[in-house]
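Atoms within each ligand, like the ligands themselves, are counted from 1 in listed order.
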Amino acid sequence: MMPTQSKKRLLITGVSGLLGNSLALHFRNIYTVYGQYNYHPVQIDGVVTLPADLTDADQVATLLEDLQPNIVIHCASLANVDECESRPQAAIEINTTATGRVATVTRKQGAQLVYISTDSVYADSLNSHRENKRLNPQNVYGQTKYDGEQQALINTDCLVLRTNFFGYNIRDKHSLAEWIIARLSSKEMIHGFTDAFFSTIYTMELARVIEIALQRKLSGIFNCGSPTPCSKFEFAQKLARRFGYPEKLILPGSIDDHSLKAKRAKNLGMDVSRLEKALNYPMPDLEFSIESFFRDSVSKTRRPMRRAPSGAGAREFIPYGCQSINSRDIAAVTTVLTSPWITQGPAITAFEKKLAHRCGARYAVAVNSGTAGLHIACLAAGIEPGDEVITSPNTFVASANCVVYCGGRPIFADIDARSYNISPDTIAGKLSARTRAIIPVHFAGQSCDMEAIAKLSRSAYSRFGKKLRIIEDGCHALGSEHRGAPVGACTYSDMTVMSFHPVKHITTGEGGAVLTNDEELYHRLIRMRSHGITSDPEALQRNECAFESATTDGRPMQRTWYYEQQELGFNYRITDIQCALGISQLERLDHFRQKRRGIVRAYNEAFGSSSVIQVPYESGHCNSNFHLYVLQFDYNKIGLSRPEFMEQLQQHGIQTQVHYIPVHTQPYYQQNFGYRWGDFPIAEAYYQQCLSIPSLSSNEQG
Ligand SMILES: Cc1ncc(COP(=O)(O)O)c(C=O)c1O
């Protein structure tokens, strides 16, 4: 059999751009393709797309080290000519400095580099531009791309293509050709410049040229476009003809009639003969490019599908919370996927150790959701039918459901109006001989008054003679600190439960964990997460069954298959795949925390003095991770109902959410436990006004 050769790895930077997405579609059948984006997540079948900020040297290094590409096509740039003029520093960073970084790392890695430059490096001239001419770029865009060329050439195995292209965007915006067609199709008149010339090429044809150049390992600087330049007016006419729209809708115009911010050369036509010779390939003329563009207007494989990425990647808007996955996370997951263990393997133990260490607890037991964690914590705490457990009404239903799973009764205690956390004063009035545990919820990341709660539990013990368990619901609070110690250290509690749902600080997809310092609880949690089973020789009830009584040489032989189900447990196991992600994410926890706190500072400054907004309070004992940033609005003063207000924010790309509908008002709790509206007035009043706004940036990488 012929040995199978693994495909080369190609990284396309700027994959969400006009050229980047076309290259991804073209090359996905040839190479293993990765696509980098910054602000605009995109999904392309058969391509792994990842976020990275190329203006951040560490992120460039991490991306390239993780992916180890054989080839990089560097398309990422600030390509809006007028924007470059008003943001020259940004243009330098993206077009020039970032290119230098990519070139430096790829040179070290021995990777081929293709730098997509532009015809804007040229100034006006009577004839088509040739590569060897002295250049005099007319605007910041042209200059920064020209400087980018010099940077790209740090990698001696680099091909620089000066080009101009048209094609289909994957994002919801129009390239020049798409704009022309959209206008013509709605019978609108447009102006086409008769005095602006270019040698434009269809992106999918450009992809083909790059494919050939890569095969030939071509390096150096080349013009790349259609062999016969034409004016933008003629370009629009040719498009109209091919797409069957009346040419009379296109009026001749002059670039001089438009006051554009950046100065532009009128003749950007290029002589492409040098590239044709080097590749022994005739460059497609404009008619050919347009024909190809027209045919692809109905193609499913050569034209990008505009669809919102699933999950939180779908971000032309800012979600109130969502995961941030980088190339390191992806590499960690793929490593486990190709290892012998995808579940019940070493990544789980490694994650548990790191999590316990990060939280300052002795043990961590990872499970497949925060809810599962709460359930086994209640079981380990010995909650049984008839027991009462006190918790907050201002939480997700899981904090109370876990009690019901065990046959217990959730007893709600109203919240503190400032912290929105369960108030020790109201807990005091709910303690009874039936109380078995308290589940304080660190809402939004703010830790509860744990000293007061621990004191109450001790006083209940002396009053009723029963030891109360404290289970912290820390699902919002990984990364928060309470009096300088991490939430999860269980200083005042028996156990703390975390969730790794994608909106939380770190994610494992779904997932959760229980932290504890108590060895006995730890062993019980381990059993309950897996059917109540143990095979630990020291924990076996029938130790004799674990060994063969008679062996030929008289040596005791272990029955390696032996296990015991000692109580009724569940399959709440997490996988190694998830834990690999968890380990990688945990390394970024401090970064996430800092980013959110930075955003919160800015919000507090912006809204702190408003008469219609109440900003969140952070108590002196807490250093919150700000999992949620909850504002209280006076909707009457705003003059909009909450749904109307949310809808308006949504239209501005800002997703908001309500945390939480008080649990006691849920039909299930009213029907089964007799709770009513009015039972917990502070939580209810808070609910009427609250709204969580995004507390992460739209591009939370790092
Ligand atoms: C306070 C709180 N507790 C528990 C949970 C349950 O966590 P999971 O979704 O991981 O089951 C959540 C989930 O959002 C939560 O917000």
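Ligand 1 has Ser399 within reach: a non-hydrogen atom of the residue lies less than 4.0 Å from it. Using 4.0 Å as the threshold, Gly511 has a heavy atom nearer than that to some atom of ligand 1.
The protein heavy atom nearest to atom 14 (O) of ligand 1 is Lys504 NZ, 2.7 Å. Looking only at protein heavy atoms, the nearest one to atom 15 (C) of ligand 1 is Phe396 CB, 3.6 Å.
Within ligand 1, the atoms closer than 4.0 Å to a non-hydrogen atom of Gly370 are 7 (O), 8 (P), 10 (O), 11 (O), numbered from 1 in the order shown. Every atom of ligand 1 is numbered from 1 in the order shown, and the set under 4.0 Å from a heavy atom of Asp473 is 1 (C), 2 (C), 3 (N), 4 (C). Every atom of ligand 1 with a heavy atom of Tyr660 under 4.0 Å away is listed here by number and element: 16 (O). Near Val441, the atoms of ligand 1 lying under 4.0 angstrom from a non-hydrogen atom of the residue are 1 (C). Proximity to Thr371 (heavy-atom distance under 4.0 Å) selects the following atoms of ligand 1: 6 (C), 7 (O), 8 (P), 11 (O).
With rounding to the nearest 0.5 angstrom, the CD1 atom of Ile583 is 13.5 Å from the CZ atom of Arg328.
Of the heavy atoms in Leu374, only side-chain atoms (C-beta onward) come closer than 4.0 Å to ligand 1. Of the heavy atoms in Val497, none comes closer than 4.0 Å to ligand 1. Contacts between Ser369 and ligand 1 below 4.0 angstrom, taking non-hydrogen atoms only, involve backbone and side chain alike. With a 4.0 Å cut-off on non-hydrogen atoms, Thr395 touches ligand 1 through its side chain and not its backbone.
With a 6.0 Å radius and a threshold of 12 heavy atoms from other residues, nucleotides or ligands, Trp341 has its CH2 atom at or below the threshold.
The only option from Leu50, Thr49, Thr335 that meets the side-chain contact (heavy atoms from CB on, under 4.5 Å) definition with Ile330 turns out to be Leu50. When each of Arg483, His482, Arg593 is paired with Asn623, the side-chain hydrogen bond (donor to acceptor under 3.5 Å, both in side chains) condition holds for Arg593 and for no other.
Proximity annotation for atom 1 (C) of ligand 1: of Glu510, His476, His659, His476 comes nearest, heavy atoms only. Distances from atom 9 (O) of ligand 1 to the heavy atoms of Gly474, Ala444, Cys475, Ser499 put Ser499 nearest.
For the residue pair Ser16 and Val42, the shortest heavy atom distance occurs at CB-CG1, 3.7 Å. In plain terms, the two heavy atoms of Asn571 and Asn368 that are nearest each other are O-ND2, 3.6 Å.
The residues Asp590 and Arg358 are annotated as salt-bridged, a charged nitrogen and a carboxylate oxygen being separated by less than 4.0 angstrom.
For Phe351 and Phe500, the distance between ring centers is under 6.0 angstrom.
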Going through the checks in order, is the side chain to side chain contact (heavy atoms under 4.5 Å, CB included) test met by Met450 and Ile470?
CA-CA 10 Å; Met450 291 308 297; Ile470 299 179; 4.0 Å; yes
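Geometrically, Arg171 does not engage Tyr39 in a cation-pi contact, judged by NZ or CZ lying under 6.0 Å from the ring centre and within 45° of the ring axis.
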